**Student:** 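I'd like to ask some things about the structure below.
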Number of protein chains: 4
Amino acid sequence: MTATKKKTLRERRHAATTEAMLEAAEHVMVAQGYDQATMQQIAEEAGCAAGTFYLYFKNKQELFEALLVRYLEALYDGCEARMAAVEDPIEKIRQSMVAALEYCHDHTGFVQVAYKAMPVRHRALYERLAEIGWTRPQQFRRRVEGYLRQGQKQGRVRSDVPADILHDFIDAVIFSFMEMFSAAPGRRGAREQLDLLWGLISGGLLGKEVL
Amino acid sequence: MTATKKKTLRERRHAATTEAMLEAAEHVMVAQGYDQATMQQIAEEAGCAAGTFYLYFKNKQELFEALLVRYLEALYDGCEARMAAVEDPIEKIRQSMVAALEYCHDHTGFVQVAYKAMPVRHRALYERLAEIGWTRPQQFRRRVEGYLRQGQKQGRVRSDVPADILHDFIDAVIFSFMEMFSAAPGRRGAREQLDLLWGLISGGLLGKEVL
Amino acid sequence: MTATKKKTLRERRHAATTEAMLEAAEHVMVAQGYDQATMQQIAEEAGCAAGTFYLYFKNKQELFEALLVRYLEALYDGCEARMAAVEDPIEKIRQSMVAALEYCHDHTGFVQVAYKAMPVRHRALYERLAEIGWTRPQQFRRRVEGYLRQGQKQGRVRSDVPADILHDFIDAVIFSFMEMFSAAPGRRGAREQLDLLWGLISGGLLGKEVL
Amino acid sequence: MTATKKKTLRERRHAATTEAMLEAAEHVMVAQGYDQATMQQIAEEAGCAAGTFYLYFKNKQELFEALLVRYLEALYDGCEARMAAVEDPIEKIRQSMVAALEYCHDHTGFVQVAYKAMPVRHRALYERLAEIGWTRPQQFRRRVEGYLRQGQKQGRVRSDVPADILHDFIDAVIFSFMEMFSAAPGRRGAREQLDLLWGLISGGLLGKEVL
DNA sequence: AATGAATGAGAGTTCATTCAT
DNA sequence: GATGAATGAACTCTCATTCAT
């Protein structure tokens with residue numbers, strides 16, 4: 001009991017420090033970008049010595065990756081929770097967007113990290129994360145593509161465009177608008193943003209006619 | 001007269017050198033990204049000494065900006081030429097997309113520079129370029145928004161979404177797909193790519209129904 | 001009484017810990033050399049925390065010196081024991097060599113520490129050890145030189161070379177071959193090694209003729 | 001002509017700088033040892049910025065290797081020149097010793113570098129130098145072993161000890177005494193030193209009787 | 001105009017040592 | 001007594017920029 005509690009205490013302490021470090025890293029990297037952010041700056045922000053970071057993260061690159069993974073895990077968790085609550089495949093996609101936008105509203109830092117701090121373009125980063133065994137994005141994507149295909153079979157989604165391209169389309173719009181929203185937060189309510197995006201996206205997915 | 005001619009020759013020489021330097025910078029920056037590309041590498045690629053660059057560009061940052069501006073100037077030139085050839089506002093937008101995609105096909109380096117080498121996110125960069133007085137993107141954007149508003153007045157474009165958001169939507173889709181196309185060139189023909197994108201975008205712009 | 005016993009127990013514990021630490025230090029320093037061996041590595045090898053070392057040794061340098069002294073004490077003990085068992089001065093020297101070689105066979109780590117891990121060359125180290133009051137090498141050396149002088153008086157050792165140089169000669173050969181033997185252990189039996197070395201050394205000491 | 005001269009001038013300049021840097025490195029490394037010598041110290045000694053060293057040497061390790069190779073090349077050159085001047089195999093060995101001792105007298109720094117500054121033990125270093133393609137020590141050694149075998153065939157060198165061990169013996173004595181001589185220069189004349197060493201070595205090589 | 005050697009500030013990272021627990 | 005997290009100074013090495021030639 002005591003041992004367990006002790007261990008838990010240590011672990012808690014460790015987790016809290018890790019958390020504080022990730023926050024400091026986020027803050028500085030969002031402000032400066034990955035390359036321009038120095039470990040000294042981040043350490044100062046975190047209120048500890050630069051060397052201390054190397055007890056928690058192997059190097060700067062892994063610090064950044066941990067930062068991103070932490071956010072993405074939460075984001076995907078939210079998306080999947082919302083998706084599970086409905087049955088209809090198209091509605092699942094819509095709900096996933098709702099979750100993403102909500103998360104983006106509550107964690108402005110995330111999008112800014114993802115867009116301003118990335119040491120490499122996001123495609124390359126996903127590959128890197130896959131290399132270290134974190135493949136959730138790929139899995140999630142496959143799932144959404146499945147829903148899109150169901151929508152195509154039901155005739156509710158255009159079939160002249162392959163599902164993977166439709167997914168790219170959704171991603172393109174969401175990511176881009178998330179960046180805009182996070183850069184100018186509060187400009188519009190989350191509800192309104194969602195309707196806007198869904199209008200644009202669903203129009204593209206439906207694609208009945210060409211102007 | 002002679003003086004003028006001499007000066008012209010010098011200018012030509014200067015322009016040619018500038019051009020070679022920009023090409024070298026593009027090559028290295030596309031391969032390595034902005035921060036990782038060193039001036040010595042770029043100089044070696046250009047076949048001159050590192051110091052020489054500082055006779056043509058104030059510093060690394062300005063070298064990159066010049067590189068980007070050169071591309072964007074050509075891109076906007078192409079877009080505006082095509083836009084001038086048609087009358088219909090929606091068709092103008094479509095033609096501008098055609099031009100952009102074509103340019104992107106012929107100058108793969110451009111998109112790669114814009115996406116892989118940017119020292120900062122593109123929004124920040126536009127602001128920076130505006131600071132140094134290069135405001136063509138803003139002008140171009142205003143023009144396209146004007147066409148969108150015309151389309152709205154004619155009832156051919158959804159009016160439930162403001163024109164500036166529609167523009168953001170177009171930008172989001174185009175920029176994202178341009179990156180994909182340039183990363184996997186030849187996967188699809190330019191024609192086919194265009195139809196794909198236009199299908200998605202026009203669907204979104206039209207936006208008659210919601211799924 | 002109880003206090004005394006307690007103290008003795010404590011002392012035993014202290015000695016055992018010291019021993020374990022020296023062994024760990026030896027292991028790591030032999031593998032990596034003095035500078036490359038880190039206190040954290042040594043601590044891990046010893047199964048304790050890095051900080052604990054500083055309760056037993058003032059710093060890394062003293063840890064190394066203790067390590068070396070422990071070995072040298074044992075080595076000199078062995079040599080002197082063997083020397084005491086015979087009368088003849090030359091034979092004393094020979095027996096000392098026997099002891100040294102045996103020790104070297106049984107404690108390969110010693111030579112490797114002495115040769116691979118030394119933070120400074122050995123002469124400098126002896127000076128340093130003398131500084132901290134450990135002068136046994138000097139004493140031992142004086143003794144051996146005494147035996148050499150006796151041999152010279154008896155006409156059994158060349159007199160054209162001063163005894164201190166003869167001692168340097170012996171040292172040179174022994175130290176060098178000890179390094180070789182310890183680097184390639186088992187290449188030759190201890191007996192054979194001894195004969196080899198004694199042949200070379202005694203030839204040099206005798207020095208009747210010049211080729 | 002001009003071009004050639006220019007190039008030669010540059011090369012000269014480069015060589016002179018390299019030389020100055022090696023000297024500075026030698027000075028500091030002899031005083032502090034390899035690990036303790038910092039690039040800043042060396043640079044200060046050389047009268048330039050630390051970064052400048054990296055234009056001439058890839059890193060600290062290569063700086064040290066260059067330093068050692070420079071010395072050894074000169075040493076071997078001297079040995080081989082002297083060896084070529086005589087016919088008799090044993091005399092060749094003796095002449096090589098003469099050359100080595102002379103070199104050691106004129107370049108005290110060399111022995112001190114070799115003994116005080118080595119980042120690793122000399123055997124390991126020879127392996128490393130062999131790795132980067134510098135195998136002169138091995139070649140030289142093979143040659144000397146050949147002479148020893150000739151001496152054995154002629155009955156002038158003991159045959160009860162293999163030639164490679166005899167070579168180790170010579171090396172052991174020479175290296176050790178070189179260190180002593182260089183640590184206490186001028187204590188004895190070169191001539192006297194030579195006679196001393198040769199007496200000890202030739203005695204060991206001859207090895208007629210055992211004390 | 002062009003060079004490229006030299007600079008020097010500053011990067012990421014390591015590690016002997018300390019000290020609150 | 002033992003811990004091990006934290007320190008922070010010091011390390012090697014990089015590179016945008018300068019300037020004597």
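Just so it is clear: chains get the letters A, B, ... in the order the sequence lines come, proteins before strands, and each one is counted from 1. Computed from a prediction, not measured in an experiment: that's the story for all the values here.
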**Student:** Could you check whether any side-chain heavy atom of Leu9(B) comes within less than 4.5 Å of a side-chain heavy atom of Arg13(B), counting everything from C-beta outward?
**Tutor:** no
**Student:** Given dC15(E), dT7(E), dT13(E), which nucleotide is nearest the side-chain atoms of Thr38(C)?
**Tutor:**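 So the nucleotide nearest the side chain must be dC15(E).
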**Student:** Let me know, please, whether Ala50(D) or Ala50(C) comes out on the 5' side of the other along DNA chain E by nearest nucleotide.
**Tutor:**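 Residue closer to the 5' terminus by nearest nucleotide: Ala50(D).
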**Student:** Does dA20(F) have a Watson-Crick or wobble partner in any strand here, with both distances under 3.5 angstrom, and which is it?
**Tutor:** dT3(E)
**Student:** Using both distances under 3.5 Å as the test, list the Watson-Crick or G-U wobble partner of dC15(F), or none.
**Tutor:**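 Checking every strand shown, dC15(F) finds its partner in dG8(E), with both distances under 3.5 Å.
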**Student:** Reading DNA chain F from 5' onward, which residue's closest nucleotide shows up sooner: Phe53(C) or Gln36(B)?
**Tutor:**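 The residue whose closest nucleotide sits nearer the 5' end is Phe53(C).
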**Student:** Take Lys58(B) and Gly47(C), find for each the nucleotide of DNA chain F with the closest heavy atom, and name the residue whose nucleotide sits nearer the 5' end.
**Tutor:** Gly47(C)
**Student:** Would you indicate which nucleotide in dA6(E), dC13(F), dT7(E) comes nearest to any side-chain atom of Arg13(D)?
**Tutor:** dA6(E)
**Student:** What nucleic acid atoms does Tyr56(C) come within less than 4.0 Å of, heavy atoms only: base, sugar-phosphate, or nothing?
**Tutor:** sugar-phosphate
**Student:** Is there a side-chain hydrogen bond (donor to acceptor under 3.5 Å, both in side chains) between Gln40(D) and Glu44(D) once you walk through the steps?
**Tutor:** CA-CA 6 Å; Gln40(D) 312 287 336; Glu44(D) 199 176 355; over 6 Å; no
**Student:** Looking only at side-chain N and O atoms, does Tyr54(D) come under 4.0 Å of OP1 or OP2 in dC13(F)?
**Tutor:** yes
**Student:** Which whole-number value in Å describes the distance from Met29(C) CE to dC15(E) P?
**Tutor:**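 Taking atom P of dC15(E) as the reference, CE of Met29(C) is at 13 Å.
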**Student:** Checking Glu45(A) against Gln41(A): is there a side-chain donor and acceptor pair closer than 3.5 Å?
**Tutor:** no
**Student:** Are any of the side-chain heavy atoms of His27(D) and Glu23(D) separated by less than 4.5 Å?
**Tutor:**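 In short, these two side chains do not touch, never coming nearer than 4.5 Å.
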**Student:** Which comes earlier along DNA chain E counting from the 5' end, the contact point of Ala49(B) or that of Cys48(D), where each point is its nearest nucleotide?
**Tutor:** Ala49(B)
**Student:** Rounded to whole Å, please give me the gap between CG in Leu55(B) and C1' in dG4(E).
**Tutor:**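 The answer, rounded to whole Å, is 12 Å.
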**Student:** What is the separation between atom CD on Gln32(B) and atom C1' on dT14(F), rounded to the nearest whole Å?
**Tutor:** 14 Å
**Student:** Between C1' on dA20(F) and CZ on Arg10(D), what's the gap in Å once rounded to a whole number?
**Tutor:** 13 Å
**Student:** Rounded to the nearest angstrom, tell me the gap between atom CD in Glu44(B) and atom C1' in dT3(E).
**Tutor:** 15 Å
**Student:** Check the distance between dC15(F)'s P and Asn59(B)'s CG and give it to me in whole angstrom.
**Tutor:**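 The answer, rounded to whole Å, is 17 Å.
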**Student:** With heavy atoms under 4.0 Å as the rule, sort Ala37(D) into base, sugar-phosphate or nothing.
**Tutor:** sugar-phosphate
**Student:** Could you tell me the separation between the CE atom of Met39(A) and the P atom of dT14(E), rounded to a whole number of Å?
**Tutor:**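 Interatomic distance, CE of Met39(A) to P of dT14(E): 10 Å.
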**Student:** Compare side-chain N and O positions of Thr52(A) against OP1 and OP2 of dA5(F) and report whether any pair is under 4.0 Å apart.
**Tutor:**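 No.
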**Student:** For a quick check, tell me whether the side chain of Gln40(C) and the base of dA16(E) share a donor-acceptor pair closer than 3.5 Å.
**Tutor:**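 Side chain to base: pair found, below 3.5 Å.
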**Student:** Please tell me if the side chains of Glu65(D) and Phe57(D) come closer than 4.5 Å, counting only heavy atoms from C-beta onward.
**Tutor:**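 In short, these two side chains do not touch, never coming nearer than 4.5 Å.
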**Student:** Tell me the interatomic distance from Glu62(D), atom CD, to dC13(F), atom P, rounded to whole angstroms.
**Tutor:** 10 Å
**Student:** Just wondering, do Tyr71(A) and Leu22(A) contact through their side chains at under 4.5 Å, heavy atoms?
**Tutor:** no
